[in-house]
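Report on one structure; see the data block that follows.
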Amino acid sequence: MQSILADTMFFPPERSSVAGSVDGLFDFIYYLSAIFFVGIVFAMVYFVLRYYQRPGHKEEPSPSHHEVLEITWSVIPSLLVGVIFFYGFTGYLNMREAPENAYEINVRASKWNWLFVYPNGAESDELHIPVDRPVKFLLQSGDVLHSFYIPAFRIKMDCVPGRYTSTWVIATDTTEAPDPNDENAKDGHLPMNLFCAEYCGEKHSAMRAKVFVHEPGEFDVWVEKAANILEGRSPAEAGEILFKRKGCAQCHSIEGDMSAKYAGPPLNGQWGTERKVTARGTTETVTMDENYVRESIRQPNAKIVEGRKPGMTVFTPQLLKDDEITAIIAYLKSLK
Amino acid sequence: MSAAVDHQDQAHHAGDDHHGHSPFQAHHFETMQQQFDSGKLGIWLFLFTEILMFSGLFCAYIIYRYNHPEIFLYAHKQLNTTLGATNTVVLIISSLTMAWAVRAAQLNQKKLLIWLLSATLALAGVFLVIKYFEYTHKFDLGLYTGRENVMYQLQHPADFQELHEEVEENLAKQAEEKKEAEAHAVSEAEAVDAHPSEEHGDEHAAAHDSHGHDGHGGPEQFLDAPRNTQIFFGIYYMMTGLHGFHIVAGMIAIGWLLSRSIRGDFSSEYFGPVDYVGLYWHLVDLIWIYLFPLLYLIRS
Amino acid sequence: MSTITPDTKLDIGHNDDPSSNYLTCSSGFLSWAFTLDHKRIGVMYLVGIFTSFFLGGLFALLLRIHLLMPNGLFPETWVNMNTYNQLFTLHGAVMTFLFIIPSVPAALGNFVLPLMVGAKDVAFPRMNLASFHLWVIGAIFFLIALFTTGLDTGWTFYTPYSIETQTNVIAATIGAFILGFSSIFTGLNFIVTVNTMRPPGMSWFKMPLFMWAIYATAIIQILATPVLGITLLLLMAERLLGIGVFDPSMGGDPVLYQHFFWFYSHPAVYIMILPAMGIMSELMSVYSRKPIFGYTFIAYSSIAIALLGFLVWGHHMFVSGQSPMAAVIFSGLTFSVSIPSAIKVFNWLATMYKGNINLATPMCYALSFIFLFAIGGLTGLFLGALATDIHLHDTYFVVAHFHYVMMGGTVIAFVGGLYHWWPKMFGVMYNEAWGRFFCLVVFIGFNLTFFPQFIMGSRGMPRRYATYDPEYQIFHQLSTLGAIVLGLGMVGAVAVLVWSLFNGRKAPANPWGAATLEWTCTSPPPFYNFEHAPHVGSPYDYSQLKYDPQVGGYVKDPNAKPASDHH
Ligand code: HEA
Ligand code: HEA
Ligand code: CUA
Ligand SMILES: [Cu+2]
């Protein structure tokens with residue numbers, strides 16, 4: 001079914017292949033209800049005007065039941081809701097079954113933000129997808145229930161902790177970043193809203209993100225760029241991102257926290273300072289410089305800071321490229 | 001005489017009867033029969049709600065048993081079948097005495113009624129005592145709910161260091177004891193026991209024999225537990241706990257009947273309360289009849 | 001059946017004898033707090049329920065005003081995201097558990113039902129009193145939750161959030177648990193009363209439809225509430241013992257919780273609407289002075305709703321991750337429930353046909369019920385249909401839907417019924433003009449509040465949002481404006497009744513010319529209702545009654561031909 005109310009006050013713009021049929025069903029129910037509602041109200045008002053209590057007017061006897069009538073007004077609505085049900089679930093099923101060739105994006109919901117992980121390892125907190133191509137969203141939650149809702153696509157699915165759920169979409173129109181000096185930019189071209197639709201605690205209403213739809217070529221460029229962190233960032237910024245992504249932050253505090261909560265020594269304000277380390281049994285003193293850091297990443301167990309246990313992951317070049325280490329070094333220098 | 005006047009005196013001694021019927025007939029019932037029928041229907045509806053309440057738990061049980069049979073197969077071994085069976089018998093007998101008590105009330109056998117009610121009460125007491133021992137034994141083994149549960153803690157060594165170390169050394173001990181080949185389970189059982197006591201020792205022995213456990217009571221015996229076994233104990237404590245609560249409620253009700261029957265309230269034309277409590281008691285027993293096989297006797 | 005004292009020449013059936021009047025026959029706090037009289041218990045419920053309604057309403061007003069601005073009108077320090085979450089949670093919880101579920105059955109039902117069966121009281125007066133005391137205790141627990149840490153789980157207590165939140169979920173769940181038992185006791189009492197205490201001559205199909213409705217409601221209360229009880233117990237155990245049944249971090253399943261919760265809470269919505277429909281059947285017939293049309297169909301449709309209502313809970317979980325198969329089945333069943341409601345609506349309309357429609361305040365409420373409930377119910381169809389619900393779930397469309405059925409349906413019918421039975425309850429007539437006026441204010445305010453919510457809902461405005469996209473602001477502002485009007489309307493409607501207590505004129509025994517038994521005793525009824533079970537006629541046969549201007553009400557027509565049974 002196609003929609004007549006589309007792009008009226010009732011709906012956000014239709015931006016997905018299913019939106020049309022959803023709105024179509026909505027209209028069908030809408031007009032059906034309108035007919036019944038108007039009929040009911042009309043009958044009501046008419047009876048009141050015709051039979052209201054006034055001098056000289058008296059009720060006239062009339063049968064107090066009428067089988068045929070009862071049957072009719074039971075059966076007709078039954079048939080109509082039957083129709084609604086049918087369109088409802090056919091529409092629903094093809095919203096649930098994602099095609100094989102769908103491009104798959106991992107959606108990680110957690111209080112109170114969204115993280116989108118792309119097949120090539122790129123991560124972003126804004127959703128970017130290609131136009132005219134089925135995209136499947138694999139939904140996960142790190143803590144409580146959330147719900148992945150994009151009104152313009154008419155899709156919604158809960159993110160349930162401890163299991164995977166999924167939904168999918170084919171976007172039909174591309175978006176552009178809003179252009180300030182162009183007043184009459186059609187809203188269709190603005191990035192779309194993504195809401196969290198399942199109550200998840202304090203900042204539930206702040207758990208929103210923007211959705212960008214790109215031409216396929218454009219999109220591939222974007223994911224590549226997103227995947228490679230060094231591109232277009234100052235080494236320190238890139239280093240910070242790597243420091244988190246590669247898991248350094250799990251064992252090294254950057255708030256000078258010495259406690260056992262962190263397996264490794266804190267790394268802020270350490271640059272250029274000296275420390276006692278044990279290397280092959282012998283204790284020596286080293287200053288924290290480029291080479292020391294590089295060694296500690298490539299062969300962590302070569303020098304162990306006193307009072308710490310060996311056990312840090314060995315970062316081979318496959319895990320961490322040289323220029324990535326450079327970036328991290330830049331970051332460590334920046335840490336006060 | 002104006003209606004008002006006798007409304008007035010009705011108002012004043014409200015509650016007591018003004019029809020000149022049995023002193024136990026409430027003012028708003030026309031006949032004793034109507035009162036009895038109402039009570040009967042009432043208690044049946046109440047039992048219905050009770051069943052539905054438990055059925056919620058049974059649903060939870062079925063769903064988890066269906067999804068994780070291994071948990072139930074493993075965990076039920078920790079329940080003591082002999083004690084469970086004894087309790088089943090105890091309750092069945094108490095049902096019998098209760099049913100008999102109703103009969104006695106109907107036949108005006110006031111002495112017998114008092115005896116049977118006391119018997120029922122006593123049996124209920126026995127049930128609770130046995131349950132108490134079952135519970136305490138599990139607590140000694142550390143089979144609590146959720147994160148307190150020793151099995152859960154074993155599966156999360158990072159969060160429960162000291163337990164982990166204890167297990168390590170126990171295993172070590174056993175290793176060398178194996179060499180000396182003359183260890184006795186009870187000693188370790190008590191090693192982990194907060195306050196070792198004779199009775200607990202026997203308990204352990206009993207428990208382990210009855211399960212053909214190869215005998216050491218320490219946490220290490222649960223190393224082979226499947227993940228999330230603690231859920232079984234969550235369900236176990238909820239079901240038996242709620243049931244136990246109903247037993248206690250029943251005991252209070254029976255106690256009340258007892259006092260009234262000693263006062264000699266019940267007779268062949270007024271025995272409603274005995275009948276109603278009787279029905280309730282049968283339901284409580286019935287629920288146990290289901291709980292016992294579901295929790296204690298699990299075969300894959 | 002009334003009192004003749006020397007100074008009244010004309011007996012209008014008003015109860016002038018303070019020692020007989022149930023309100024005055026004994027006095028003092030204890031004579032109320034521990035009364036076994038169903039009428040007094042009904043009145044106490046009435047007071048408690050309206051207090052809760054205004055409390056809940058106050059929360060609603062606050063949250064509506066907060067929503068005037070996309071980032072909240074009030075300064076952060078006063079209403080921030082946290083307080084907003086508490087506002088809608090407490091609003092929802094108070095309105096559902098404390099107000100609407102006991103509203104009609106416990107307040108009006110308690111007062112009217114025994115009178116309708118011509119009985120002296122309900123079957124178990126002590127249990128009835130216990131039910132009220134439980135209600136009070138439950139309310140206290142809610143207040144504890146409110147005044148300690150508040151509550152921020154949403155009225156649905158979804159796990160795992162309700163397990164990990166710092167707010168006082170335990171107190172609230174204990175409260176709800178106790179309220180559940182209060183509701184079970186009421187239901188149990190009514191089923192037994194209807195089954196065993198009907199007078200000779202009142203066969204099942206001679207019962208007033210209000211009794212049928214209450215009976216159907218009671219069935220749901222008995223069958224569904226225990227499941228809520230165990231669900232809440234499990235939730236408490238989750239927090240206290242961490243049993244892990246609903247907690248994914250312990251291997252539990254949060255979706256299972258939702259199944260448990262909705263297994264109660266969907267039938268609960270029919271606990272809310274069925275008694276209201278019962279009131280409607282009475283009002284439509286009495287004020288049209290016509291026997292109700294299609295009595296048997298209305299009676300059976302109540303039972304049908306009660307039973308079918310148990311099979312559709314999954315329609316609250318279409319996007320929760322339940323299997324598509326389940327979703328399809330639940331959707332199909334959902335539509336089957338809407339048919340009995342449709343039947344009722346059509347029968348009410350047919351009842352007006354060729355009637356003599358008296359537009360007294362209760363009838364005005366009845367008419368606005370049809371208008372509002374039709375909208376609320378029909379929008380239920382949008383939500384029942386899978387494809388559209390995916391889009392509409394957890395948006396303001398749902399919020400608007402259930403306010404139209406709950407506030408526009410139940411509450412409106414409740415107030416209508418209250419105006420209808422008011423003369424019987426307190427023996428005074430309220431002021432018609434003001435009654436009608438505030439009915440109109442409520443009607444306008446209500447639509448202004450909730451209609452815009454449908455639009456912003458279908459435009460994608462999610463519910464439970466403390467802050468929102470400016471795109472929706474205009475709708476929120478209209479809604480808030482409406483809420484204020486609605487609030488004033490509700491306060492006014494209640495004020496009219498309270499005012500009448502002090503300066504209303506004496507009510508006759510039967511001001512509306514209704515044929516059900518409660519109108520055959522004086523207004524207000526004597527302590528013992530009826531000396532002897534009154535003669536039972538057809539509840540909707542008005543041929544016997546004629547208006548007597550001196551009395552200001554209806555009296556038996558001496559020269560009327562014997563009753564012609566209409567069914
Ligand atoms: C009084 C309470 C009440 C009543 C009576 C109803 C009645 C109905 N409700 Fe509603 N509902 C709620 C209270 C109620 N609901 C609440 C509180 C929620 C939200 C809970 C939460 O999440 O917080 C909810 C949510 C809710 C949902 C879940 C939405 C979501 O979260 O995604 C659904 C989905 O199917 C639904 C459907 C229906 C249907 C089909 C009816 C039907 O029974 C309606 C039947 C009535 C009619 C159909 C109108 C009268 C008939 C005519 C005018 C004649 C013409 C009829 C036809 C052509 C069929 N309701
Ligand atoms: C019977 C049930 C019922 C009733 C009657 C109402 C009545 C109202 N409700 Fe409520 N509502 C719910 C049940 C109900 N609600 C439920 C279950 C939820 C879901 C909660 C959740 O998501 O968990 C909800 C949620 C809900 C929301 C959505 C919040 C959100 O999702 O973010 C909103 C927003 O507009 C709202 C508004 C209103 C308004 C304006 C009224 C008005 O009708 C109120 C009118 C009455 C008054 C305004 C009171 C008048 C009194 C005074 C003005 C003075 C006060 C005086 C004294 C205290 C003595 N309600
Ligand atoms: Cu995440 Cu709401
Ligand atoms: Cu529902």
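Just so it is clear: chains get the letters A, B, ... in the order the sequence lines come, proteins before strands, and each one is counted from 1.
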Side chains of C:Phe475 and C:Arg459: closer than 4.5 Å at any heavy-atom pair?
-> yes
Choice from C:Pro248, C:Pro462, C:Gly355 maximising heavy atom contacts with chain A below 4.5 Å = C:Gly355
Do C:Lys354 and A:Ser62 meet the criterion of a side-chain donor-acceptor pair at a distance under 3.5 Å?
-> no
Winner by heavy-atom pair count (cut-off under 4.5 Å) against chain C, out of A:Phe37, A:Tyr52, A:Phe89 = A:Phe37
What part of C:Ser249 lies closer than 4.5 angstrom to a heavy atom of chain A: side chain, backbone, both or neither?
-> neither
By a 4.5 Å heavy-atom criterion (distance strictly below it), what part of A:Arg154 contacts chain C: side chain, backbone, both, or neither?
-> both
Over 12 foreign heavy atoms within 6.0 Å of NZ, A:Lys210 | yes
So what's closer than 4.5 Å to chain A heavy atoms on C:Ile339: side chain, backbone, both or neither?
-> side chain
Apply side chain to side chain contact (heavy atoms under 4.5 Å, CB included) to A:His204 and C:Asn85, showing your working.
-> CA-CA 9 Å; A:His204 164 58; C:Asn85 298 342; 5.6 Å; no
Report yes if the side chains of A:Phe148 and A:Trp114 come closer than 4.5 Å at any heavy-atom pair, otherwise no.
-> yes
Going through the checks in order, is the side-chain hydrogen bond (donor to acceptor under 3.5 Å, both in side chains) test met by C:Asp469 and A:Asn193?
-> CA-CA 9 Å; C:Asp469 189 308; A:Asn193 285 322; 3.0 Å; yes
So, the part of C:Pro254 with a heavy atom under 4.5 Å from chain A: the answer is side chain
Pick whichever of A:Cys196, A:Gly82, A:Ser147 has the most heavy-atom pairs under 4.5 Å with chain C.
-> A:Cys196
Would you check if there is a donor-acceptor pair between the side chains of C:Tyr84 and C:Thr467 at a distance under 3.5 Å?
-> no
Given side chains that start at C-beta, do those of A:Phe137 and A:Phe116 come closer than 4.5 Å, heavy atoms only?
-> no
Under 4.5 Å from any heavy atom of chain A - which part of C:Leu392 | both
Should the pair A:Tyr51 and A:Phe47 be assigned to parallel (<30°), tilted (30 to 60°) or perpendicular (>60°) ring geometry?
-> tilted
Ranking A:Glu70, A:Met95, A:Lys58 by heavy-atom pairs under 4.5 Å to chain C gives rank one to A:Glu70
What option among C:Leu349, C:Leu386, C:Ile370 has the most heavy-atom pairs under 4.5 Å with chain A?
-> C:Leu386
Side chain, backbone, both or neither: which part of A:Leu69 has an atom under 4.5 Å from a heavy atom of chain C?
-> side chain
Pair count under 4.5 Å, heavy atoms only, with chain A: among C:Phe371, C:Tyr158, C:Phe293, highest is C:Phe293
Quick one: does A:Leu194's side chain get under 4.5 Å of A:Met192's, heavy atoms only?
-> no
Most chain A-contacting option - heavy-atom pairs closer than 4.5 Å, from C:Phe297, C:Tyr542, C:Tyr287 = C:Phe297
With under 30° as parallel and over 60° as perpendicular, where do the rings of A:Tyr199 and C:Tyr161 fit, or are they tilted in between?
-> perpendicular
Heavy-atom distance under 4.5 Å to chain A: side chain of C:Gln322, backbone, both or neither?
-> backbone
Most heavy-atom pairs under 4.5 Å with chain C, out of A:Val160, A:Leu145, A:Thr165, belong to A:Leu145
Part of A:Tyr46 lying under 4.5 Å from any heavy atom of chain C = neither
Top of A:Ala152, A:Pro161, A:Gly91 for chain C proximity - count of heavy-atom pairs under 4.5 angstrom | A:Pro161
Short N-O contact, C:Asp394 and C:Arg464, less than 4.0 angstrom | no
Top contributor to chain A contacts, counting heavy-atom pairs under 4.5 Å, from C:Met352, C:Glu164, C:Arg463 | C:Met352
Option in C:Thr388, C:Asn80, C:Thr395 with maximal non-hydrogen atom pairs under 4.5 Å from chain A | C:Thr388
Out of A:Val81, A:Asp143, A:Val41, which one racks up the most heavy-atom pairs below 4.5 Å with chain C?
-> A:Val81
